[in-house]
Number of protein chains: 2
Amino acid sequence: MDTGDRLLTPGEVAALFRVDPKTVTRWAAAGRIGSIRTPGGHRRFRESEVRALLEGEGVLEDLEEGPENRPRNTGPATPGSPGSPGAGNMGMH
Amino acid sequence: MDTGDRLLTPGEVAALFRVDPKTVTRWAAAGRIGSIRTPGGHRRFRESEVRALLEGEGVLEDLEEGPENRPRNTGPATPGSPGSPGAGNMGMH
DNA sequence: CATAATTAGGGTAATTTGGGAG
DNA sequence: GTTGTCCAAATTACCCTAATTA
């Protein structure tokens, strides 16, 4: 079961999300994303978790391995993403 | 499961932490991780200790939003947990 | 004993960390 | 409330050659 337990560096995650590494660090500090710390203090993120966050909730099994991005969903109209119950963690008011 | 008393090579530990073998060696040199030296001078690390350090924060609790996903494992607690004998790591500064 | 792969050692660049302010 | 950039410091990654391991 290779769920992709590879660990990613903050820079890798930042590049995936198109944000600054500092922002990724803040997500980890806020507990919004799991992080593994090296004995030296640096953080490592799980590829599977990052992918899950990137996909929102698409539980598709796509094992791509190429730099190219898979073509968009050949499906019909855009599903929109109305649901996205998200639920997650936000709010905190 | 065995407590993992096997000895791992720097390369193995490096792959687990997604770091360079040199970095693992540096951890051992800094006393951040216990290391066993071979008569030749190479270092070996304990699987149990490495796993203990690998325990990251992660999102242990379910933080999902999918109504159809609930791999809740109410199984009995794991008896006989790894006692991690002797391993008194914890490098504090 | 010989070969291939890994590891150790030193040194320098790149990345990451943490806090502060916009 | 979140994100991006500034700073200084620490940690990590890659370069090399020699020794050890398998």
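Just the heavy atoms: all of them, side chains too, but no hydrogens, waters or symmetry mates, feed the values below.
At most 12 heavy atoms of other shown residues, nucleotides or ligands fall within 6.0 angstrom of atom CZ in B/Arg18.
Checking C/dT16, C/dT17, D/dT2 against the side-chain heavy atoms of A/Arg32 singles out D/dT2 as nearest. Between C/dT7, D/dT5, C/dT17, one nucleotide has an atom nearer to the side chain of A/Asp20 than all others, and that is D/dT5.
Residue A/Phe17 contributes atom CZ, which lies 16 Å from atom P of D/dT2 at whole-angstrom precision. Distance CD (A/Glu12) to C1' (C/dA14): 14 Å, rounded to an integer number of Å. Atom CG of A/Leu8 is separated from atom P of D/dA13 by 13 Å (rounded to the nearest Å). Taking atom CD1 of A/Ile36 as the reference point, atom P of C/dT17 lies 13 Å away to the nearest angstrom. What separates CZ of A/Arg44 from P of C/dT15 is a distance of 13 Å, to the nearest Å. Taking atom CZ of A/Phe45 as the reference point, atom P of C/dT15 lies 16 Å away to the nearest angstrom.
Using a 4.0 Å cut-off, no side-chain N or O of B/Thr25 falls inside it from OP1 or OP2 of C/dG9. A/Thr23 has no side-chain polar atom (N or O) that falls below the 4.0 Å cut-off from OP1 or OP2 of D/dT3. Phosphate contact (OP1/OP2 of D/dT12, side-chain N/O of A/Thr9, threshold under 4.0 Å): absent. Regarding contacts with the backbone of D/dT20, every side-chain N or O of B/Arg37 stays at 4.0 angstrom or more from both OP1 and OP2. Between A/Trp27 and D/dT3 there is a side-chain polar atom (N or O) within less than 4.0 angstrom of OP1 or OP2.
Taking only distance into account, the side chain of B/Arg26 never meets the base of C/dG9 through a donor-acceptor pair shorter than 3.5 Å. For B/Lys22 against C/dG11, a side-chain-to-base donor-acceptor contact under 3.5 Å is absent.
A centroid separation of less than 6.0 Å is found between the aromatic rings of B/Phe17 and B/Trp27.
A residue-by-residue look at B/Arg18 and B/His42 shows that B/Arg18 has its nearest nucleotide of DNA chain D further toward the 5' end.
Between B/Arg46 and the options B/Leu8, B/Val13, B/Ile36, a side-chain contact (heavy atoms from CB on, under 4.5 Å) holds for only B/Ile36.
As judged by a 4.0 angstrom heavy-atom cut-off over every strand, B/Arg43 is placed among residues touching the sugar-phosphate backbone only.
Between the A/Glu49 side chain and the A/Gly34 main chain, a donor and an acceptor come within less than 3.5 Å of each other.
The OG1 atom of B/Thr38 sits 10.5 Å away from the CG atom of B/Leu7 when rounded to the nearest 0.5 Å.
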